[in-house]
Amino acid sequence: MNATIFAPWDDPQAKPLIQFRNVTKRFGVFTAIDDLSLDIYEREFFALLGPSGCGKTTMMRMLAGFETPTEGHILLGGQDIDPIPPNKRAVNMMFQSYALFPHLSIWDNIAFGLRRDNMPKPDLEARVEEMLRLTRLEQFARRKPHQISGGQRQRVALARSLAKAPKLLLLDEPLGALDKKLRQDTQFELMDIQEKTGTTFVIVTHDQEEAMTVASRVAVMDQGRLMQVATPDRIYETPNSVYVADFIGDVNIIEGRATARTEESYQIDWAEGQPPLTAKSTTALATGQGCHLAIRPEKVTISAERPADAINAIQGEVHDIAYLGNLSTYHVKLANGTIIKAQTANTRRISRRSFTWEDPVWLSWTATAAVLLEH
Ligand SMILES: Nc1ncnc2c1ncn2[C@@H]1O[C@H](COP(=O)(O)OP(=O)(O)OP(=O)(O)O)[C@@H](O)[C@H]1O
Ligand SMILES: [Mg+2]
């Protein structure tokens, strides 16, 4: 393992900071978390992604100690945290709706938890100043929360959660209240602060782009289960299921039947009157087995002529065009009615011919562009 790459999950010697061991959480008869096992390592920026109600907040609340698992165990640094009350855990949670004390100054908001712990005054002052510097809030120290902006309040909440130097900081939709631009700036600040403090962060977000930006690893959840846990690039490039491929980013899904051609190369028959497709896959599929091909629109090339050396090429006509400034997405309709999306980057120099509605076009992609998934 290259020492400069941070990937403790690939190191069999590395000890996880957090371990979920077959954790189930039921509320009455409803199972919110279903026999879930997961390791999170020190200094990770770990993101939980999934649809509303899949159990993200429940995971966080169990880590923080506001809920106890119905079955299974959660370990922090190798110790079962079940008997440890929330305020004794080296864990802090920044809530979905963070609440600052409106009558206290920014300085006193950050100092609040330290005062409650009776931290000696010189230490407390030094710590608050350090947090103000870290979150670039020095000039707002004497103001009240209503006298600063939403983004600044966000940073105060973060400074307050980090003041007690928790081992683990849980962030439930921390940037939900911010607009897109401020959100992006704050994401980079969060990453910077996380790196400087060496704190392990677990973040919940609805925004997949945000998860991909900040996280060392992403867990995609569905109905109390983990669907895939991997680095952002692996989640995007090699999703393990149609669910994950579809949840992260835009994707074309083609359903068909696989026949092994050579080792790791499959022919996929998928529609009457359409040429078979070719895809490489390291997961073995039986002949005739139903499968899905997942292809990202940016991996599909659109052209007027059939590219001479194309492994996969299909014909259609432009049905719709979504212009996004830097990108254009063409919705191409095939003879059988299937719509395939192809995305092109609008670079300054016009390198490709552009197309308009009802133009006949060819779509092509390489054998490795698509991910072959079992049914
Ligand atoms: N105290 C509770 N009693 C009963 N059901 C609960 C309780 N807390 C959570 N649930 C249920 O457990 C499921 C998971 O809830 P949770 O809050 O973890 O979802 P989430 O993934 O955080 O969703 P969101 O993205 O909407 O915040 C939901 O169906 C929810 O209704
Ligand atoms: Mg939630």
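Atoms within a ligand are numbered from 1 in the order they appear, just like the ligands themselves.
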Taking the non-hydrogen atoms of His206, is any one of them nearer than 4.0 angstrom to ligand 1?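 His206: in contact with ligand 1 (<4.0 Å).
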Is ligand 1 less than 4.0 angstrom away from at least one heavy atom of Gly50?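 No; Gly50 lies far enough from ligand 1 that no heavy-atom distance drops under 4.0 Å.
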Going by the order shown, which atoms of ligand 1 are within less than 4.0 Å of some heavy atom of [X]?
X     : answer
Thr58 : 14 (C), 15 (O), 16 (P), 18 (O)
Thr57 : 17 (O), 18 (O), 20 (P), 22 (O), 27 (O)
Lys56 : 18 (O), 20 (P), 21 (O), 22 (O), 23 (O), 24 (P), 25 (O)

Just grab all the salt bridge (charged side-chain N to carboxylate O under 4.0 Å, His left out) pairs involving residues 24-44, residues at least two apart or on different chains.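 Of all non-adjacent pairs touching residues 24-44, those that pass salt bridge (charged side-chain N to carboxylate O under 4.0 Å, His left out) are Lys25-Glu67, Arg26-Glu71, Asp34-Arg225, Glu44-Arg217.
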Has Gln343 got a side-chain atom pairing as donor or acceptor with Ser328's backbone, closer than 3.5 angstrom?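 Side chain of Gln343 to backbone of Ser328, a donor-acceptor pair under 3.5 Å: no, none is there.
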Is there a polar contact, in the sense of an N or O pair closer than 3.5 Å, between [X] and ligand 1?
X     : result
Phe27 : no
Ala32 : no
Ser52 : yes
Phe30 : no

Taking side-chain contact (heavy atoms from CB on, under 4.5 Å) as the test, write out the residues that go with Arg116, two or more places apart.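 Testing Arg116 for side-chain contact (heavy atoms from CB on, under 4.5 Å), a comparison that skips the adjacent residues, returns Phe112.
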Is the closest basic N to carboxylate O distance between Glu263 and Lys280 below 4.0 Å?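 Not counted as a salt bridge, because no side-chain N and carboxylate O are separated by less than 4.0 Å.
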More than 12 heavy atoms of other residues, nucleotides or ligands under 6.0 Å from CZ of Arg234: is that the case?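 Count not over threshold, so no.
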Distance under 6.0 Å and angle within 45° of ring axis: Arg160 vs Phe101: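 Ring-cation test returns yes.
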State the CG-CG distance between Leu169 and Leu171, to the nearest 0.5 angstrom.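 Separation between the atoms: 4.0 Å.
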Would you say the Mg ion (ligand 2) has Thr57 as a near neighbour, meaning an N/O/S atom of that residue under 2.8 Å away?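 Coordinating: yes.
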